[in-house]
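Below is one structure, written out as structure tokens, with a few remarks after it.
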Amino acid sequence: MSQILSSGSSFNVSLTFSPIDEGPFDQNSLITRRLLSDWSFSNAQCSVLRAWGTFGASSLQNDGSEPEQTQKSVVVGCQDGTLYVFHQTRRHNDPVNSQPREPSQHSTASSSLHVRRSQPRARVSSSSSLAPFKVTGRSRIVSGITTEQVEAPKNYVDFEDEPEKLKDMLKGKSPRDRTSPQDTSPNWMSPAASRTPSINELGTSPPKRSLSKGLLSPTIPSPRAASTPTSRRNSLVGPRSIHELELRYHIVPPLMRGELSGVGDVAVLEGRDIFAVLTDSGNIFIFHSEDGSCLATAGVGGEDVHSLSEQSLEISSTVWKWSELYFHQVDESLLLVAMANIDVEKTNYLSLNLDAEAQNRTQAVIFEVTLDSKTGSVDVDLKRLARRHFEGSSKTAGIYCSPEGHSLFYRATTHGDLFVQPIHIQPDSPVSSPASVVGPQLSHLLPNPFKTITKSSDNLSVAEEIKSPGGLELDTEVSLGSLQLDNGLASLLLRQFGTTTLGLAWNSAQLVIFEMRADSIDTLAQQALPPTAQVSWISDGVFCVLSQEQMICYKVPAKDQIPAQICIEKVKVGPAEVIACKSLSEILFTRTTTDGTRHLVCLGANAVDQPRERTLWRASPRTNSKPTVTTLLPLDFGFIIQGHSDGYLRQYPLPQMSGKLNTPQRVSDTALSGCITTLQTVQNSRTKETYIIGGADDGSIAIWTMNTLQLCTRWIIFITPVIAVIQFQTEKVGPLRGCVLCVAEDGTIAVIAIDGFQYLYLIPGGSAPLKRVSLGGDNNLMLIYANYTARVWDIKTREFLRSMSLEKAEEALAQWGWTTVSIQDCTTQPRILWAPIPSHFTSLDSASSLLLDLERFITESTEMAKVISTSKEQSRTIFLTLERLRWLLSTLVTPGLDEGIDQLCQLKMGIQRSPVMVGFHGSQATSLYQYDWPPDAWCISAGVTASRQLAVVAVLRALSLFADYTESATKLVSFYSGLSETVVGPTFHAPSLVYLARRWFVSSNEIRSAARVVFDNAVTLLSDVDVSTLTEEWQLHLPCLQTGAESDSQTAALALFICGYIAAERYSLLPSNLLVDIAKSLVSYLHNDQPMLRILAVDLCSRGFHVWQHYIDAVAILRQLFTLATSTKKDTISVQNVAAQARQAVLQVASSHTPLFITTLGLDIISPTSVEHQTSVMQIVAYLIRKRPQVLQPNIPKLMEVVVKSLDPNATTYREAVLDTATEIIGHIVKRYPTVDFHVPTQRLAVGTDEGAIIMYDVKTATRLYVLEGHKRRLSACSFSPDGRRLVTISLEEGTVLIWKVGSSFSSFFNPGAPPRQGHGGSEPFKTIKFNLGDAVNLSDAAASLDAIQFEWTDRNVKVKIRDGMLSFST
């Protein structure tokens, strides 16, 4: 976890470009921006449908409208691995919202920003409350910072607040408290309540998916934010959806190239706004339903989803197909169970000759899910508890809760034998382990199989299991008997109703209904089934039988009663694709009409006086047949090639891709026969020419010229599309020199010679997707597949050598020098700012989207903006940078919030409205959002708001470097970083402080600075209650309260960041114990070895030193800052420069706490802890003199005294160590401060004071000689004569020049320490000269006089220049 804090994670933004055939962008065409996702969903092959909320007709009001509190959501998984998420349509019916807002003076928001709280941080329990934290008022006193008593925020109600808040206050609740419904279901998600049927396969072929895929647990409404006062909204409100649901976003996970891994199952955790996704290939993703952000990932089959390191399975050569996923609560632990069956078709292709018993095996992997919910963030951690293989189907196994409240694992064999085992979660063993990563990071999967089963029965293949501490434990397996089915068991579902557990078991022709007891099963009835029917529970005591044409609902019969005699309802379903049966009145499914548009339909089986079928959502139809974008090839920021569905390549400049024009710059001369599926660049190694190579869905490969897009050659080689092109860049490529490998979807490889455009030969594919290609050995090519097997080919003789397991392949790769290329990341083009989103070409919105490396773009733009042009080429580059920044800003800002801001953008910044859609790209997935009007972008989630604000502010800060845009950019930064409900509306989501804090740790300096701007504005807008809630929530995670490695964890660092910066600004609201914990944590991080943690502590010292100095040793903090600021060791140098940050902190502390700073300097110079520390302090003094001379000016006399004392000849060791530095300091001071002068031959040092006195030092002996007192006002300058016998002092405030004799005389031997005689009695100066040069030289400000006075000596004659005036006299 600690490595995350120091590693970079680029800040990317996804941009979706509108289709080119939609014409210019204007207000009337805003709705076209969501057509791409509509069409993509219509093209997708749906595999799973999940729904939560209330969809029944009973939820509608009398007029057919929906009550406001009804929340409903649907997620549809597809065969291309992506997901489409629907939410209830956002409605803005308040007439207040339709009123235009007045343009603001400075276009800045000035209202309180409310943090959207998530659920309390605790282990999930079925009986736990989901209510948010409650904040109680209490008095707070911050000692040492203010003398006033700081009272806790009182309960209050604004005049616009709801009357219900008054009632809550009378009951002792805070007006911002919110509650959420309790979970009343016995299980979170059991197999019987978590499986979705598939109707699109209910034909003559055997069904591939079970109807059980559509069942959900009893509805648990998602918690919603507290209602907020309505606000005025811009009158330019875009078109709204007329349907109950709207397509909110499209999730594109990081799909593996060639691994057409569809969505196998989806499990919803209601009440937590979280759903889990299982792909066919065994990848698990946990998503937040609010915005589609990925919270966690894991590999189910033992393979890390982010790397290619694989481990062998028990049946290493088989291919598993993962198809079942559900949540289940066991004791205090939330489990996530994934199961898979062997893909018999692929194993037969491998000629493994598995017998029927071996083929009918299931693999189950069980994870423990830990939810950590804090204000503004939800962290999910997946810990693998166990993995098990057993006989039977995944559709006949699972976990259920007994009437006694015990969790049991059940499984049934193909013969109908049913077994159960009690499940227990063992606590983790007390062994030390590195801190786990919190947040959307990859979970470390630690295998923990079951212990060995000793009991077996006839015809049962016993599973081999091993128990390990700190995991999941199974008791002895118990046989409950056999289910009497004639042709074997295919599927099994259990459902608990009160104290009774009922089951449905069926095959292709027969259904058995039974009751499950503690030690036996009791058959209730049997029923014949149609050949393609599926069965599922839909409510308590009610199940349905779904055939191709209709769904028949039955009530559970009594014993020996025929189910057909108690039929409740017959519903004609019609053509459907995927279906979810929630209840009799909530049957949801998708349907594609004849015009190719997809509908999401709800069928109410028992609706009374309501439509039996209603459309929840309908895709927008295609109005034309013009070509669409199927792939993008970015070559430069403004040079992007588009592949289209008509087989042509087209090049558009960036403004045209934004939908403003329709004419391409270039078009390929010849079209391919199918849709362009992939495009990459390759280089001819001999001529260094660059070409574009790609393929189409007809299996063809084509090569075009880069500049003219002329088709050079093409072949039709494959039967599946090309998905990757590999060109080895190493010198030792042997026969593959000048060649590229074109990889098809099925793993087949075509070897093409670029020089001469020759097709050489074909390497056949395997039964599983190709994952890696390695070149090495003696002209050997190793191909590693997703089923953990590898094949080795001799590329010289073009012969197959051998096949091996992945383990043997890894050993071979480790021994010899191999060059390995991953299919996932095999691009042959140089690293640029753009990157395509890996997805299937039929997904039109993701195919039209690109990821922009915003962090790199801002860094490069900032560097270019600071360049002083010296040539036309540089001027052109600078102007191009400005245009790119303005274009990007046009895609990020959201018109319609404020009329004055819109005018500022158009008139001052010169940007227009853009139809480009901005998505959210996380570490694990990309979410493409759909909304009808730009301001809705701020109403998605707190994380999305923070991400977009960060992007806008970062671009504006770069634009502010251009003089013509500085003022306007500053106003826009103030506006967009201070957005609130007052500006956007009541559905606004305040930015996530946690997201901004995380981004600060892993970003460049430019992005970090922008993150701080947004963070600081968000903190300013927080209410007092929100401040208390947020800091109390994170206080427990502060580093000083952690032990071991946890103190350096990401969570601890985030806690210090959030609490520290809030305390620096609003410390009066926080209790003293919290401030003490923050200060202690800060000190610990100042001594930490990790650069980012040190930078955090240093920055907090700079921002809040006035707070921390009252709770810790302020001198110790300063000394550590001195050390860090002067650190020059090579091992401490990193990309994040700690020394530079520490020097800035020293400057800040020196400016705001000068007495403490000077005192510390004096102590450390005179009595240093070590020679190294004394040297560091002296270097700090020299740095301050150069960078901030006005800070030291009032304390120059004190500083010079300690510098002189450091040169004490009696302290030989220290004098030698600091001599050079002290000499440098004296030189800098004399050069910078006119009140100090040094005469080298006599080693005399004269230091003037604000009281008008002159202190004379002998640097050679490090002693103070005497004090000259003649001026009545502050001294302005002094200077020695060339022979050192005269000293001239000037006081501009007094208008007097004094000339002193300072040379050695005979009397000084008899009166050491006394000033030399001035030629007359008393202590009067040798000469006094009055002058008056007018107001031009009357410099009352000490800082202004630093450069105002100059001396020019000629022997003992001197000219004194004071600004434009001059004095000339003889000494």
Side-chain angles (χ1 to χ4, degrees), residues 9-19 30 32-41 44 75 78 80-87 90 246-255 285 287-295 440 629 631-632 634 640 654 657-659 833-840 843-855 857 887-894 914-952 954-955 989 991-992 995 999:
S9 177
S10 186
F11 179 35
N12 295 326
V13 176
S14 69
L15 301 176
T16 303
F17 299 92
S18 295
L30 283 171
T32 64
R33 304 200 302 174
R34 59 177 171 83
L35 294 180
L36 283 179
S37 288
D38 285 18
W39 300 341
S40 297
F41 184 56
V75 56
C78 303
D80 62 357
T82 66
L83 300 107
Y84 295 84
V85 180
F86 301 81
H87 286 317
R90 289 171 288 215
E246 62 182 1
L247 178 55
R248 192 68 59 84
Y249 53 86
H250 179 198
I251 301 177
V252 184
L255 304 179
F285 300 92
F287 293 104
H288 199 290
S289 63
E290 191 175 40
D291 57 9
S293 57
C294 187
L295 304 178
V629 177
T631 186
L632 295 175
I640 299 175
L654 217 51
M657 289 187 61
S658 302
L833 294 171
W834 294 108
I837 298 177
S839 61
H840 201 265
S843 180
L844 300 183
D845 55 353
S846 57
S848 301
S849 301
L850 290 174
L851 292 177
L852 174 63
D853 190 342
L854 184 63
E855 185 168 342
F857 174 71
W887 174 87
L888 182 57
L889 181 63
S890 68
T891 66
L892 296 174
V893 297
T894 53
S914 172
V916 176
M917 299 288 285
V918 180
F920 180 82
H921 177 73
S923 59
Q924 309 296 338
T926 302
S927 297
L928 307 178
Y929 299 114
Q930 298 299 312
Y931 39 83
D932 296 335
W933 188 243
D936 288 340
W938 308 107
C939 306
I940 299 174
S941 72
V944 173
T945 297
S947 174
R948 187 145 186 170
Q949 280 184 308
L950 179 58
V952 171
V955 174
H989 285 255
S992 168
Y995 175 87
R999 179 51 56 190

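Quick caveat: nothing in here was measured; it's all calculated off a predicted structure.
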Kindly indicate whether the side chain of [X], heavy atoms from C-beta on, has any atom under 4.5 Å from the side chain of [Y].
{"X": "S947", "Y": "F11", "result": "yes"}
{"X": "V75", "Y": "F287", "result": "no"}
{"X": "T945", "Y": "I940", "result": "no"}
{"X": "W938", "Y": "Q949", "result": "yes"}

Test side chain to side chain contact (heavy atoms under 4.5 Å, CB included) applied to [X] - qualifying residues, sequence neighbours left out:
{"X": "S849", "answer": "T16, I837, L928"}
{"X": "N12", "answer": "S10, D853, H921"}
{"X": "A847", "answer": "none"}

Can you give me the closest heavy-atom contact between [X] and [Y], atom names plus distance?
{"X": "S14", "Y": "L851", "value": "CB-CD2, 3.6 Å"}
{"X": "P634", "Y": "I640", "value": "CA-CG1, 4.1 Å"}
{"X": "A925", "Y": "I251", "value": "CB-CG2, 4.2 Å"}
{"X": "C78", "Y": "A44", "value": "SG-CB, 3.6 Å"}
{"X": "R948", "Y": "V918", "value": "NH1-CB, 3.6 Å"}
{"X": "S289", "Y": "H87", "value": "O-NE2, 2.6 Å"}

Sequence neighbours left out, what passes side-chain hydrogen bond (donor to acceptor under 3.5 Å, both in side chains) with [X]? Give chain and number order.
{"X": "T891", "value": "none"}
{"X": "S927", "value": "none"}
{"X": "S848", "value": "none"}

Worked verdict on L854 versus V955 for side-chain contact (heavy atoms from CB on, under 4.5 Å): CA-CA 9 Å; L854 184 63; V955 174; 4.2 Å; yes
Qualifying residue for side chain to side chain contact (heavy atoms under 4.5 Å, CB included) with L850, from V13, L632, L15: L632
Derivation and outcome, side chain to side chain donor-acceptor pair (under 3.5 Å), residues E290 and S941: CA-CA 6 Å; E290 191 175 40; S941 72; 4.8 Å; no
side-chain contact (heavy atoms from CB on, under 4.5 Å) assessment of D845 paired with F41: CA-CA 9 Å; D845 55 353; F41 184 56; over 6 Å; no
Verdict with supporting geometry, H250 and S846, side chain to side chain donor-acceptor pair (under 3.5 Å): CA-CA 9 Å; H250 179 198; S846 57; 5.2 Å; no
Straight-line distance of L950 CG to E855 CD, nearest 0.5 Å: 9.0 Å
Spacing of CE belonging to M917 relative to OH belonging to Y249, to within rounding of 0.5 Å: 14.5 Å
Y931 vs E246, side-chain contact (heavy atoms from CB on, under 4.5 Å): CA-CA, chis, key distance, verdict: CA-CA 9 Å; Y931 39 83; E246 62 182 1; over 6 Å; no
Parallel, tilted or perpendicular, as decided by the 30° and 60° cut-offs, for the rings of F920 and Y995: tilted
